[in-house]
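See structure below.
Residue numbering restarts at 1 for every chain, and letters A, B, ... go by the order of the sequence lines. Basis for what follows: all heavy atoms, side chains included, without hydrogens, waters or symmetry-related copies.
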2 protein chains.
Amino acid sequence: MAIDGLDGRLITLLDAEPRIGVLEASRRLGVARGTVQARLDRLRAGGVIRGFGPQVDPAALGYPVTAFATLEIRQGQGADVRAHLAGVPEVLELHTTTGEGDMLCRLVARSNADLQRVIDRVVGFEGIVRASTTIALENPVPLRIIPLVEQAAQES
Amino acid sequence: MAIDGLDGRLITLLDAEPRIGVLEASRRLGVARGTVQARLDRLRAGGVIRGFGPQVDPAALGYPVTAFATLEIRQGQGADVRAHLAGVPEVLELHTTTGEGDMLCRLVARSNADLQRVIDRVVGFEGIVRASTTIALENPVPLRIIPLVEQAAQES
DNA sequence: GCTCCGGCTGGACATCCTGTCCAGTGAAAT
DNA sequence: ATTTCACTGGACAGGATGTCCAGCCGGAGC
């Protein structure tokens, strides 16, 4: 779905100050409240804004260690492996990929030592042939979307 | 920060239905409104809930292709590379890592063909020695946090 | 065993926001 | 020129919010 400059400014504003409501947003953007409401409805209907769920920080929950694991799967075991990984709370994300491995997953753990336990649990499944793990040290660019939103907004 | 069962249920509820307010949440959880408000304040103060920003779907914005790039950096060029990557809108996330590469970044692109342009832009920087890219095909486990929240809540 | 304290309850209050209408205006497309 | 569409500015009732408060309870510490 294409978005214009106003959509972009709205998303950016909501990202910076999620607590403000439709009315306050309309004041900041200099448009009528109905306009903001219509834009929001359109963005939600178009799937651009999926929701406003709470952004939970795993580190604050006691899981400060993040790691990425590349998994190699035995042929035909894909579905089983997915189900297995979906059952591990420390697996925050899973992708199937091209290239060397077959899957890439994001893990968190309570400590480097605890990461071993998590990895054991992840790879302790017959369908997984091999796993290669790298620990994330710093996070210079945290998951973000605003720059992309602005680029998409300008291309309108 | 430790969370208890009520915190866990509250986060899960907010994740499932972000539009409900404090009052409705208190009704669903069977506690007083003040309790929910106090819990929410505590979770935000403790950093567990970082905010309620809009969850934007890159695919809906016209960037349906996701890829992960492992970068090898020339010694001492880390800071420059970070700044460079932070300036590329299609770079959604960047980590420094242990292991084979020095950095891992998440990219999006408008198409497989467009991914080439993004990669060229990413690696078109002197500090980057080598890059290895894998395309994400499926996403069996989208970025999630609830299972981890529930585990953290049970350990209380 | 007793007291203190923190967390929860249930209620109050004024203020503000929300969802949902509507008619009028302007600009762009046909 | 006419239609169409988005935006404006306003209205309305209903409800939520932020912020108090007194009272109650159970656990921790003395």
From CG of Leu40(B) over to C1' of dT17(D), roughly how many Å is that when rounded to an integer? 13 Å
Quick one: does any side-chain atom of Arg9(A) pair with a main-chain N or O of Glu150(A) as donor and acceptor, under 3.5 Å? no
Okay, side chain of Thr12(A), backbone of Gly8(A): is any donor-acceptor separation there less than 3.5 Å? yes
Listed pairs under 3.5 Å, donor-acceptor, residues 40-49 of chain A side chains, sequence neighbours left out:
residue: Arg42(A); atom: NH1; partner: Asp7(A); partner atom: OD1; Å: 3.4
residue: Arg42(A); atom: NH1; partner: Asp7(A); partner atom: OD2; Å: 3.1
residue: Arg42(A); atom: NH2; partner: Ala2(A); partner atom: O; Å: 3.1
residue: Arg42(A); atom: NH2; partner: Asp7(A); partner atom: OD2; Å: 3.3

Could you list the residues that satisfy ring pair (Phe, Tyr, Trp, His ring centres under 6.0 Å) with Phe52(A), not counting sequence neighbours? none
Have Gln55(B) and Gln55(A) got a donor and an acceptor in their side chains that come within less than 3.5 Å? no
With ILVMFWY side chains joined below 4.5 Å, transitively, what does Leu23(A)'s cluster contain besides itself? none
By the salt bridge (Lys or Arg N to Asp or Glu O under 4.0 Å) test, which pairs, at least two apart or in different chains, include something from residues 52-64 of chain B? none
Expressed as a whole number of angstroms, how long is the span from Asp41(A):CG to dC21(C):C1'? 14 Å
To the nearest 10 degrees, how far apart in direction are the end axes of the helix from dG1(C)-dC30(D) to dT30(C)-dA1(D), each fit to five base pairs? 50°
Is a side-chain donor or acceptor of Thr96(B) paired with a backbone partner of Glu138(A) at a separation under 3.5 angstrom? yes
Give every pair of a protein N or O atom and an N or O atom of nucleotides 28-30 of chain C that lie under 3.5 Å apart, one pair per line with the distance.
none

Any pair counted as ring pair (Phe, Tyr, Trp, His ring centres under 6.0 Å), so long as it reaches residues 119-138 of chain A, sequence neighbours left out: His84(A)-Phe125(A)
OP1 or OP2 of dG19(C) sitting under 4.0 Å from any side-chain N/O of Gln37(A)? yes
Between Arg19(A) and Glu24(A), is there a side-chain N and carboxylate O pair less than 4.0 Å apart? no
Here the residues of residues 13-25 of chain B within 4.0 Å heavy-atom distance, strictly under, of DNA chain D are Gly21(B), Val22(B), Leu23(B)
So, Arg74(B) side chain and Ile128(B) main chain: donor-acceptor pair closer than 3.5 Å or not? no
When Leu10(A), Ile3(A), Asp4(A) are each screened for side chain to side chain contact (heavy atoms under 4.5 Å, CB included) with Leu6(A), the one that passes is Asp4(A)
What residues form a side-chain hydrogen bond (donor to acceptor under 3.5 Å, both in side chains) with Glu100(B), not counting sequence neighbours? none
Got a sec? Which of residues 49-57 of chain B come in under 4.0 Å of DNA chain D, heavy atoms? none
Give a yes or no on whether the backbone of Val22(B) and the side-chain of Arg27(B) come within a donor-acceptor separation of less than 3.5 Å. no
If you group Ile, Leu, Val, Met, Phe, Trp and Tyr whenever their side-chain heavy atoms sit less than 4.5 Å apart, what else falls in with Phe68(B)? Phe68(A), Leu104(A), Leu104(B)
Using a 4.0 Å heavy-atom cut-off to protein, can you give one letter per nucleotide of nucleotides 4-13 of chain C, 5' to 3': B if the base is in contact, S if only the sugar-phosphate is, - if neither? ----SB--B-
